[in-house]
Structures are given as C-alpha cells and as structure tokens.
There are 2 protein chains.
Amino acid sequence: MASIKDVAALAGVSVATVSRVLNAHPGVRPGTRTKVLHAVSELGYRPNGVARSLRTHQTRTLGLVIGDVLNPFFTELARSVEDAARSRGYSVIIGNADEQPALQDHHVRTLLDRRIDGLLVSPTDGDVGALRDAVETGIPVVFVDRWLHGVDVPVVRADGRRAVHRLVAHLHALGHRRLAIITGPAATSTSTERVGAFREALRAFGLALPAEYVAQGDFQTASGRQAAAAFLDLPEPPEVVFATDNLMALGVMEELRSRGLRVPRDMALAAFDDIPWFLHTDPPLTAIAQPTADLGHSAVQVLTDLAEGRGAGSVTLSARLTARRSCGEDEGSRR
Amino acid sequence: MASIKDVAALAGVSVATVSRVLNAHPGVRPGTRTKVLHAVSELGYRPNGVARSLRTHQTRTLGLVIGDVLNPFFTELARSVEDAARSRGYSVIIGNADEQPALQDHHVRTLLDRRIDGLLVSPTDGDVGALRDAVETGIPVVFVDRWLHGVDVPVVRADGRRAVHRLVAHLHALGHRRLAIITGPAATSTSTERVGAFREALRAFGLALPAEYVAQGDFQTASGRQAAAAFLDLPEPPEVVFATDNLMALGVMEELRSRGLRVPRDMALAAFDDIPWFLHTDPPLTAIAQPTADLGHSAVQVLTDLAEGRGAGSVTLSARLTARRSCGEDEGSRR
DNA sequence: GCGACGCGTGGAAACGATTACATCGCCTTA
DNA sequence: TAAGGCGATGTAATCGTTTCCACGCGTCGC
C-alpha cells in the first residue's frame, strides 16, 4: 500500500508538502497542489490512520460500552450514537458487555489500549476497575442511560420517575390493586430509580408493595420469565407486572403463553422501554418510552465537547407513558 | 500516560527488554522479568495499541459493514461476530450502512483507513467502488449473508431455497392459491435468491406469480407497509404475503392493523428471518429461520483464517421453516 | 590458554504520518 | 543596490512500539 513517501516521490515534492495539501494547509502553490493531487489519485493513496493517530494523539474514535446489544433499546441507542458521531467525523467501536462486569471491564480496557478519544458507557453493576482507571487517565468519559455512584462524570439520561408515576395512576384507574415489579440488577441506577419511583407512586395511591411482589431480574429475557413464574405460583398472584425493561417483558409473555394464560385477562403487563414490536404483540404492550435517539445524540454531543476541550455537563431528558391494551381496556383503545 | 520508556527507566533496563517481557519473548532472565513487571504495575502502564499497530502492521481489528443494525437479524449477526472475534483476540468496528450504498462506501473507506485486518460485509446493492478497492488492496474480505456478483471473495451464507420451497408447500397445503411476495432491493443477492426460489416453488405447485403480486421493497419497515397497501388496493388482493425480511413483515402488520384487518383472516403473512418477537406477535408469525449465530461464527472463522494466512473458502449453511399461525390454522398449533 | 559459542541485554532503525524550523528565492523598499 | 521580509518548500525530529544486530561475558572444547 502506497505511503506518503511514494506520493512525494511521484509528485517530485517532499513529504511535508504532501501532508500540507492533504490537510488543507494554506500556502501551497496551486501548481504544486495539483501535482500532488494527481500523484495521490494515481497511486490510489489513502493516509494511514494509524500513523496519523500516533503522531496527532487522536484517533477520531469513540467507544460505546453497553449492557446488551440485543436489547432493542441499546440497539437503537447504538445506532443514534453512531449517527451523531459520524456527523462529527468520529467512528465508534461498540463493546457489548452482556450485562457482565468482567466483559465490561474487558471492553473498557481494550478501548483504552486503542487510545479512543472518548468513552460512552452504560455501566453494569459490580467491579468497575477499568472504568475508574479510564476516568483517572483523564480520557473523557460520559455515562448514558445508567450511571454509577461515586464516579464523577457527566450523565446523559432520561428521567423515568414521572412516567412511572403516570403508569401507576393508569393502572390504578383501571382497577388494579396488586402490582408487582421485576427489577434489574440491584446496583444499576436505572433499576433503582425505576423501583424507587414505583414504590413511591404506590404509596401515593395507598397501595402496598409486599416483598414477594418484587422480583430481581437482570434485564434479560430468561429472568423475566422466571420472575413471572414465581409470581404466578404465589397463592395470590399480582394483577399487573411492571417489567423494568423490554426483554424481561418478553420473558413474562413467554411464561404466560407457555401456561396458556392471556394478557391482560390473567395478568396485565407493562414495560419500561418502548420498541416498535410492542405495537404488534398480543396484545399491544403498554410501555414507558425513552427518547432514545435524543439520548444518543446528546451523549455524543457532551462527549465530543469534552474531547475537544469544550466544557460540558449532564443532560436529563424525560420519558413518557404510552398506554396500550396490555393492562386492560381503556376508553376506546380497542377498535 | 506512561510509555514504554518510563517503564524501562523505572526498571533500569532498556525498552527492548521491556518489550520482550511484555510480548513473552523467551530469553529474559527471571530477575529482569520481575523488575519490569513491577515497574509496569507501579506505573499502571498499558502498551499503546496505536504505536504497536503502526510497527507490526496489524490492528487486531475487524470491520463489519451491515445493511441495518436495527434489523434484529443483523443485530444478532453483529453480536455473534463480536463474540467470535473477541475469542480470537480481535475487536470489531461495526458500520451501519442503512441500506445506502453511499454510506456503505463511507464505512468501507474509513475502515480501510484505519487499517483493519479484515472486512466482513453484507453488501447493499449499487456502487461498490470502495469495496472493490478493498479487495484490490489485498485486505481479506468476506461476504456474509449477502454477496455481490463479480466480486470474488468467500461467502458465508444460509441457503434459503429449500426452506422457501417448504414454505410454499405449507401455504399450498393450507389452501392458499394467490401468493404474493415483497422483495428486497433488486440487486441484493438474498433478495434475488428468495424471489427466485419462491417463483420456482410456485411453478412446481402450478401456481402463477402475476407481476402485481411482486412488490419491490428495501428491507425496511416502511416499504413493507407500502407494499401491503398496494396489495390490498388490488381488485383481487393476494391471500398470503411473503415478506423477504422481518422488518417488511412488521410493515405489513402495521398496514393491516391500521385498516382494521386481521392476520391471517384477511391476509396471511410469512417472513424470512425469524426473531424472538415473532412468537409474541398477534398472531405468532410463520417464518424462515437462519442459523444466525453460526453464520457470524463461521464468517469470523473464515476471515481470521484469511487474515492469518491460512486459506479459507465459502461456507453455506441452511435455513429452516418455522410454521406458526400467521398463515392459517394448521393441525394442533392453536392451543 | 584461547577461540567459538550462546545467552542476556542494549542501541538504533524502522513503521508513516505531522509539524517546528531552516532555507532559498524573489520582491519590496529605502 | 542592498537589506529585509515573506511565501513556498524541504529537513528532520517526533509519536511509542518492535525487532535486527551488536556487544560483553562466561563456558566449553581443544
């Protein structure tokens, strides 16, 4: 593969001059310029990004470490992050942590080794060694969606408290009184926020949240299914289950279906995170929708601001409730 | 950030020695070795991957360019690719082409500039300038799922012909005679294969495929919806629609729902690509499932074999039919 | 007792770019 | 006419590694 030296030789100039025309530096005579350009296209020359990065100390690459790519929420987040990054001239390397701290650590570490310009992470619970190291090395880090206590970096997220409150009101209005929740891993911020808001809202409506109505999940399908099974085996099963993410809601549906039960007749269901498929499930699922694309864009905004030396702070957007039929009949929602 | 020089200085050895212990070269005295290791952990030193890549001419990075990350098939593919790559010590950079040749070109170009060790692509139709350049530069390229005529690289894919034939047999057995299809972009190989197999199977059953029963889509939701609308507006609409990917099937469901029609009563529906959500749609969707994870693993296998100088050829796996209720009642599938 | 050999280590040249600094005409100006 | 300045270009250092080669020294065989 041709290098800058080959171009210089062919154009009959020095490498410095080639570099100058390639980087649009002023003060290159038009004639020289075209000579160089000719040589470039003649050789099909493309600058070696690795060499450039070594010299300039920037890779124009952002890292994104997420809990689970297969979760449509994260997929969409990743997509919007990539879009925003590209429009600013950055590439992004996605690390899929699969909700495992060890894998998250691995990804953060490799990204750091690659000297990315900034790191976007939706942290999983647990050991955060690499993450803390990252912050300490001074590389820009921004949390998106989830965050970690004690790690002081900007957070871009959607506040779900109000939407959860609306959801509970909706459920209450439909006559439900026994509400259960499936949480995420204990230490993920989103999970604690959602559970907290749920508990608070229940209290506001004078409802109890017995311990057996709180199941701990891990944001994955299987755990939703197990939680549903446990609820169903209770002497007095809940009337509604609120799954704090979409995959666990899917798990609940799987369990209900396998027992021949129907939503919402036998058990109502609502989820955090709205996705296109929820419109077409049987029945369409009531969900709390996050402004996912905005989340991704803002996160990149904040991160690149940091990476390019402009200051930047946290951003909080808000989520909203989309009521469908999975919690029971509302006015006119059935056609 | 500490460099190898700092480590060398602290350990009182030369950089060459440090490099040797870091790369597990033989012939370093145990004492020296521990001195170096001490210095490394003292400084929290991590080798600079960029410099290393420049020197060794390998980045331990693979590129993956796909049609659409939001398509669950590709999401799963990306995930399995990443898994397989990681287990072999590679990272992967995903480029989302959004089914646009120009974007695909952009990604291929940037990946090449980053000097990735190998490129996995599920090519979109159209201009393939960058792709051809890539092949010409000699960098290992492997097609996965889709491929391009006239570009001679290994292809890892699932053969859907047999499964499509089974699907048609299934539909025929259920009494359907007016079958329609929604294709992908004309020049994607998967689309032509699927359409070809469909047409052939119809012929085998003595059924016609009138031109108005063939709608051209682009593998995205909206086009599925438009196609469904066109079919429904026909004087004699088809009894079944076969969408050649899952997002277009979603579009068909959207259109039917918006018109107050039901599957399969008013129109039956089958899709290529099976995904977890299809179990829970209303009704569960009949689909042709690809061995997605195997596809990803094989693709990485082939690509790394190429990248590491071992020869490698194409791989063809096969897809299979998963019949559910969206095409009408079968024996015992309704509980 | 001396050359050959091997082992552990260091010095320095790459890799391919960017960029500070030097150089060299040539034009302007006093 | 000579000095100064400026615009265009070249030279070389540098980024942080890996790796080839050389070197010093102890051991072995003759």
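All chains are named by letter (A, B, ...) in the order of the sequence lines, taking the proteins before the strands, and each is independently numbered beginning at 1.
Environment of NE2 in His25(A): crowded, with over 12 heavy atoms of neighbouring residues, nucleotides or ligands closer than 6.0 Å.
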Protein-nucleotides 17-19 of chain C N/O pairs closer than 3.5 Å?
| unit_1 | atom_1 | unit_2 | atom_2 | d |
| --- | --- | --- | --- | --- |
| dA17(C) | OP1 | Tyr45(A) | OH | 2.7 |
| dA17(C) | OP1 | Asn48(A) | N | 2.7 |
| dA17(C) | OP2 | Ile4(A) | N | 2.3 |
| dA17(C) | O5' | Tyr45(A) | OH | 3.3 |
| dT18(C) | OP1 | Asn23(A) | OD1 | 3.4 |
| dT18(C) | OP1 | Asn23(A) | ND2 | 3.2 |
| dT18(C) | OP1 | Arg52(A) | NE | 3.1 |
| dT18(C) | OP1 | Arg52(A) | NH2 | 3.4 |
| dT18(C) | OP2 | Ser19(A) | OG | 2.6 |
| dT18(C) | OP2 | Asn23(A) | ND2 | 3.3 |
| dT18(C) | O2 | Arg55(A) | NH1 | 2.6 |

Shorter than 3.5 Å, N or O on both sides, protein versus nucleotides 4-8 of chain D: list them out with atom names.
| unit_1 | atom_1 | unit_2 | atom_2 | d |
| --- | --- | --- | --- | --- |
| dA8(D) | O3' | Arg29(A) | NE | 3.4 |
| dA8(D) | O3' | Arg29(A) | NH2 | 3.2 |

Report each atom pair, protein N/O against N/O of nucleotides 22-28 of chain C, whose distance is under 3.5 angstrom.
none

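Backbone-only engagement by Val13(B) is indicated by non-hydrogen atom pairs under 4.0 Å involving sugar-phosphate atoms exclusively.
Thr61(B) pairs by the side-chain hydrogen bond (donor to acceptor under 3.5 Å, both in side chains) definition with Arg114(A), not counting sequence neighbours. Partners of Glu76(B) by salt bridge (Lys or Arg N to Asp or Glu O under 4.0 Å), not counting sequence neighbours: none found. Judged as a side-chain hydrogen bond (donor to acceptor under 3.5 Å, both in side chains), and not counting sequence neighbours, the contacts of Arg46(B) are Asp113(A). Qualifying salt bridge (Lys or Arg N to Asp or Glu O under 4.0 Å) partners for Asp6(A), counting only residues two or more places apart in sequence or in other chains: none.
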Could you give the side-chain donor-acceptor pairs of residues 306-316 of chain B under 3.5 Å, partners two or more places apart or in another chain?
| unit_1 | atom_1 | unit_2 | atom_2 | d |
| --- | --- | --- | --- | --- |
| Glu308(B) | OE1 | Arg310(B) | NH1 | 3.2 |
| Glu308(B) | OE1 | Arg310(B) | NH2 | 3.0 |
| Glu308(B) | OE2 | Arg60(B) | NH2 | 3.3 |
| Glu308(B) | OE2 | Tyr90(B) | OH | 2.7 |
| Arg310(B) | NE | Asp305(B) | OD1 | 3.0 |
| Arg310(B) | NH2 | Asp305(B) | OD1 | 2.9 |
| Ser314(B) | OG | Val155(B) | N | 2.9 |

Run the side-chain donor-acceptor check on residues 293-302 of chain B: report pairs under 3.5 Å with partners two or more places apart or on a different chain.
| unit_1 | atom_1 | unit_2 | atom_2 | d |
| --- | --- | --- | --- | --- |
| His297(B) | ND1 | Ala293(B) | O | 3.3 |
| Ser298(B) | OG | Asp294(B) | O | 2.9 |
| Gln301(B) | OE1 | Arg88(B) | NH2 | 3.2 |

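A distance of 4.5 Å separates CZ in Phe143(A) from CG in Leu148(A), rounded to the nearest 0.5 Å. Distance check: Asp98(A) CG to His107(A) NE2 gives 9.0 Å after rounding to the nearest 0.5 Å.
The closest donor-acceptor contact from the side chain of Gln104(A) to the backbone of Ala97(A) lies at 3.5 Å or more, if one exists at all.
Overall, the helix from dG1(C)-dC30(D) to dA30(C)-dT1(D) carries an axis bend of 60° between its ends, with five pairs at each end and the value rounded to 10°.
Counting only residues at least two apart or on different chains, the side chain to side chain donor-acceptor pair (under 3.5 Å) pairs with a member in residues 130-153 of chain A are Glu99(A)-Arg146(A), Arg109(A)-Asp133(A). Legend: salt bridge (Lys or Arg N to Asp or Glu O under 4.0 Å) pairs involving residues 11-40 of chain A, not counting sequence neighbours: none detected.
The separation between Met1(A) atom CE and dG16(C) atom C1' is 13 Å, rounded to whole Å.
Leu62(B) has its side chain out of reach of Ile116(B): every pair of non-hydrogen atoms, C-beta onward, lies at least 4.5 Å apart.
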